[in-house]
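What you are looking at is a predicted structure, and each value in this text was computed from that prediction instead of being measured. Each chain gets a letter, A, B and so on, in the order the sequences are listed, and its residues count up from 1.
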Amino acid sequence: MELQIKEAISAALKALYDHTVSAEEIALQPTRKEFEGTYTFVTFPFARVSRKSPEQTATDIGEHIQANAAEVAAFNVVKGFLNISLSEASQVNQFAGIFNGVDVSQSAIFQQTATGKTVVVEYSSPNTNKPLHLGHLRNNFLGNSVSRILAAAGYNVQKVQIINDRGIHICKSMLAWQKFGEGETPESSGLKGDHLVGKYYVAFDKAYKAEIAELVAGGMGKEQAEKEAPLLLEAQAMLKKWEAKDPEVYALWEKMNGWVYSGFNATYERMGVDFDKLYYESDTYLIGRDRVMEGLEKGVFYKKEDGSVWVDLTDEGLDEKLLLRSDGTSVYMTQDIGTALMRFDDYPDLSQLIYTVGNEQEYHFKVLFLILKKLGYAWADACYHLSYGMVDLPSGKMKSREGTVVDADDLMQEMADTAKARTEELGKIEGFTEEQAKELYEMLGLGAIKYFLLKVDPRKRMLFNPEESIEFQGNTGPFVQYTHARISAILRKAQQLGVSMEDINFDGIEEVHQNEKDLIYALSTYPEKLQLAADTYSPAIIAQYVYDLAKEYNRFYTELSIFNESDDTLQQFRVALSALTAQTIKVGMGLLGIQVPERM
RNA sequence: GCACCCGUAGCUCAACUGGAUAGAGCGCUGGAUUUCGGCUCCAGAGGUUGAGGGUUCGACUCCUUCCGGGUGUACCA
């Protein structure tokens, strides 16, 4: 529809002013509510070629397309804005075109052509020393949703993560467990594995602080105390033993990481995210080290007197960056080089590698991509840092040492509990089994938190307000879910009454209500919203769209009755509109990783 | 110090990438159901888009200078 209008305008420009602009280059925008029309064409830029005022230009074009394009029923001009009204028939036709039959899942708006390109999306990538928190939730939901969006837009998507399973942090937990744990296990304590390990990470920190205080009290400087506290030295010694594959340390490391993984897996499952492939830092850091050595031989990097290896990025306006320590051990950057290489080895036809990582690491990725380029990898340009803002609490930043971290497991449970309370109060779930009810609470609770975290532009820092996040009204996940449940009730009733969506005589529809036009328009924009979301890696576009669509439907719903409509064809038409709206909500929410219920 | 990001209604967020009188939600005030699910819908109040200058027919959007907030700049990850 939009394309036809664009073509008509393109033809008008050619006929009136002998000015050639392809239809694709014509920009249309939706007409603002206060004016009559569906599409608006801005003529200011064309006053130059028409050599007339913008108003006159708009009028001329309007007259031309009204005369030549059947879709155009009327037009009006306000200043340089040409507002185009579509004919009733063309709007019904537009819907008929996208409705595409009873199986709404096969609607034309969901048919995206495959790009044939493979994209890898990395997300989550936690450290293995403590449980997941609210920040991880934003990361996971964002990465997972972007994966779904890209897949829907026709890409072959692979979801991966790099697990930071080695390093001083895990040694700290291991050491504390050894010292204070008394053999405690997830089974003996009843704690989830990741929470158990996290408990010892905290225990380490506490004991370490105490040691520092003691040393300082004994007259030592604070900085020195922080470096020389016995516990820290022990942890460092343990890391060296690990690198030397000391059997005892290695066994402990495997045992405790195992606990963490099973804890993480339970959390991921509840979150509804998954991965196609896992990378482990303990596998990739050695590869990175080899490549750094190669780069050194090629003269891309240089060595200082103490043996440490550096890259000089001052020509690019950045600093010098360390790649290998003087003792030959690797740093974060080293392993990231290795990880990138492994991925392009694993996926040779990879057209893009997306890193879902917080914006505090922007500098790191800038450097990483530059290094990869300097090493001569042409695919360095295919790397992209999907950078997102931190999640703040009303009290400020989340700080683990102040105990203000919002735990992922706790939060999900809280949301499900709230969903339960709301449903018991207001829900219509008579006849649900206990299983079904539980499933619903999960769907609503998770829907609320996912929607809350995804509706904000990923790049922006956002505020997590606990009270607001569990709200079920307004711009929330449950609001959209409710709309879907509401439509489902309509569709059930239609089926009961034998109102069929088959063989609708669209030609028999003469008058379409404004609410119906608005709804058709909203449905028709799904493909472009999806494309925009894919291009900008922004689930927020989809969240906004789905919300607007739900609101549009609710307006339609209050304004027009379906089953009291005496015209059978109109009744069918409205049921069909409802069915496609429900499906679009379902698909759109699906892109956010949110399920929608039939009843709630 | 230097680099990057952000600043929009009381609060949380939008604004189709330069277009009309800057829109939603929450909260506040007032309305709507002989009708299919009121977790809904409609209306009202609420703005110098942090401030100034510039480019443009036209600026929340681009340039510039300030102000305020954040992040980064480790032989940490």
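When each of B:rA24, B:rA77, B:rC16 is scored by its nearest atom to the side-chain atoms of A:E281, the top-ranked nucleotide is B:rA77. The side chain of A:F479 lies closest to B:rC41 when the candidates are B:rC41, B:rA20, B:rA14.
Here B:rA74 presents its P atom at 15 Å from CD of A:E360, a figure rounded to the nearest Å. At whole-Å resolution of the value, CZ in A:F75 and P in B:rA20 are 21 Å apart. If you take CE of A:M333 and P of B:rA77, they are 11 Å apart, rounded to a whole angstrom. A:E320 places its CD atom 22 Å from the P atom of B:rG72, with the value rounded to the nearest Å. Atom P of nucleotide B:rU12 and atom OH of A:Y547 are separated by 17 Å, given to the nearest angstrom. Distance CG (A:D548) to C1' (B:rC13): 12 Å, rounded to an integer number of Å. Remark: P of B:rG70 and CG of A:D392 are 10 Å apart, rounded to the nearest angstrom. For the pair A:Q29 CD and B:rG18 P, the interatomic distance rounds to 12 Å; values are reported in whole Å.
At the phosphate of B:rC76, OP1 or OP2 sits under 4.0 Å from a side-chain N or O atom of A:R325. Contact annotation: A:R32 does not reach the phosphate of B:rU21 (side-chain N/O to OP1 or OP2, under 4.0 Å). The phosphate of B:rA77 (OP1 or OP2) has no side-chain N or O of A:K130 nearer than 4.0 angstrom. For A:K551 and B:rG25, the shortest distance from a side-chain N or O to OP1 or OP2 is below 4.0 Å. Side-chain N/O atoms of A:R461 include none lying less than 4.0 angstrom from OP1 or OP2 on B:rC4. Dashed line: the shortest gap from a side-chain N or O of A:K366 to OP1 or OP2 of B:rU73 is not under 4.0 Å.
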**OP:** Sugar-phosphate atoms are those with a prime plus P, OP1 and OP2; base atoms are the rest. Using that split, label each nucleotide of nucleotides 32-37 of chain B B, S or - for protein heavy atoms under 4.0 Å, 5' to 3'.
**Re:** ---SBB

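Remark: aromatic rings of A:F556 and A:Y553 are close, center separation under 6.0 Å.
A donor-acceptor contact closer than 3.5 angstrom is absent between the side chains of A:N257 and A:D165. A donor-acceptor contact closer than 3.5 angstrom is absent between the side chains of A:T31 and A:T38.
Residue A:T40 is classed as a base contact, given a heavy-atom separation below 4.0 Å to a base. Across all strands, A:F35 comes closer than 4.0 Å to base atoms (heavy-atom distances). Counting any heavy atom pair closer than 4.0 Å across all strands shown, A:P54 reaches no nucleic acid atom. Among the atoms of the strands shown, none is found under 4.0 Å from any heavy atom of A:D327. A:E471 comes within contact range of no nucleotide atom at all, as no heavy-atom separation falls under 4.0 Å. Heavy atoms of A:N83 sit under 4.0 angstrom from at least one base atom. Within the 4.0 angstrom heavy-atom criterion, only backbone atoms of the sugar-phosphate kind lie near A:V456; the bases stay farther away. When heavy atoms are screened at a 4.0 angstrom cut-off, A:N554 is found touching the sugar-phosphate backbone but no base atom.
The pair A:K222-A:E226 meets the salt-bridge criterion, since a charged nitrogen lies less than 4.0 angstrom from a carboxylate oxygen. Here A:E362 does not pair with A:K366 in a salt bridge; the nearest charged N to carboxylate O distance is not below 4.0 Å. Electrostatic pairing of A:R574 and A:E565 counts as a salt bridge here, judged by a charged N lying under 4.0 Å from a carboxylate O. With salt bridges taken as basic N to acidic carboxylate O contacts below 4.0 Å, none links A:D392 and A:K397.
Comparing the P positions of B:rC41 and B:rG37 gives a spacing of 16 Å, expressed to the nearest Å. For the C1' atoms, the distance linking B:rC39 with B:rC4 amounts to 42 Å, nearest Å. Rounded to whole Å, the P atom of B:rA77 lies 15 Å from the corresponding atom of B:rG72. For the P atoms, the distance linking B:rU21 with B:rG58 amounts to 13 Å, nearest Å. Across B:rC6 and B:rA14, the matching C1' atoms stand 16 Å from one another, rounded to whole Å. B:rU61 and B:rU73 have their C1' atoms separated by 29 Å, with the value rounded to a whole Å. Using P as the reference atom, B:rC57 and B:rG52 are 23 Å apart when rounded to the nearest Å. Across the P atoms, B:rA9 and B:rA24 are found 16 Å apart, a figure rounded to whole Å.
Across all strands shown, B:rU55 forms no Watson-Crick or G-U wobble pair with both key distances under 3.5 Å. Base-pair partner of B:rG72: B:rC2 (Watson-Crick or G-U wobble, both distances under 3.5 Å). Across all strands shown, B:rA9 forms no Watson-Crick or G-U wobble pair with both key distances under 3.5 Å. Across every strand in view, B:rC66 sits in a pair with B:rG50 that passes the Watson-Crick or G-U test at under 3.5 angstrom. Both distances falling under 3.5 Å, in either a Watson-Crick or a G-U wobble arrangement, occur for no nucleotide opposite B:rU21. Within the shown strands, nothing qualifies as a pairing partner of B:rU34 under the Watson-Crick or G-U definition with both distances less than 3.5 Å.
Where stacking is scored as ring centres under 5.5 Å apart with planes under 30°, A:F81 does not register as stacked on the base of B:rG19. A:F44 qualifies as a stacking partner of the B:rG19 base, centre to centre under 5.5 Å and near-parallel within 30°.
In this structure, B:rU17 shows a glycosidic angle within 90 degrees of zero, which is the syn conformation.
Take A:E360 and apply the side chain to side chain contact (heavy atoms under 4.5 Å, CB included) test, not counting sequence neighbours, and it matches A:M390.
For the pair A:F452 and A:K321, both in contact range of RNA chain B, the more 5′-proximal nearest nucleotide belongs to A:F452. Along RNA chain B, the nucleotide nearest to A:P478 and the one nearest to A:S308 differ in position, and the one closer to the 5' end is contacted by A:P478.
For the ring pair (Phe, Tyr, Trp, His ring centres under 6.0 Å) test with A:Y355, the passing option among A:Y388, A:Y384, A:F365 is A:F365; the others fail. Here the options are A:F452, A:F472, A:Y547, the test is ring pair (Phe, Tyr, Trp, His ring centres under 6.0 Å), and the partner is A:F479; only A:Y547 passes.
Proximity of residues 513-527 of chain A to RNA chain B (heavy atom under 4.0 angstrom from any strand atom) is not detected for any residue.
A cation-pi contact links A:R166 to A:Y285, judged by a cut-off of 6.0 Å to the six-membered ring centre and 45° from its axis. Judged by a 6.0 Å distance limit and a 45° cone about the ring axis, A:K321 is not positioned over the six-membered ring of A:W310. A cation-pi geometry, defined here as NZ or CZ lying under 6.0 Å from the six-membered ring centre and within 45° of its normal, holds between A:R486 and A:Y557.
Checking side-chain atoms of A:S469 against main-chain N and O of A:I449 turns up no donor-acceptor pair under 3.5 Å.
Side-chain N/O atoms of A:N129 and base N/O atoms of B:rA77 include no donor-acceptor pair closer than 3.5 Å.
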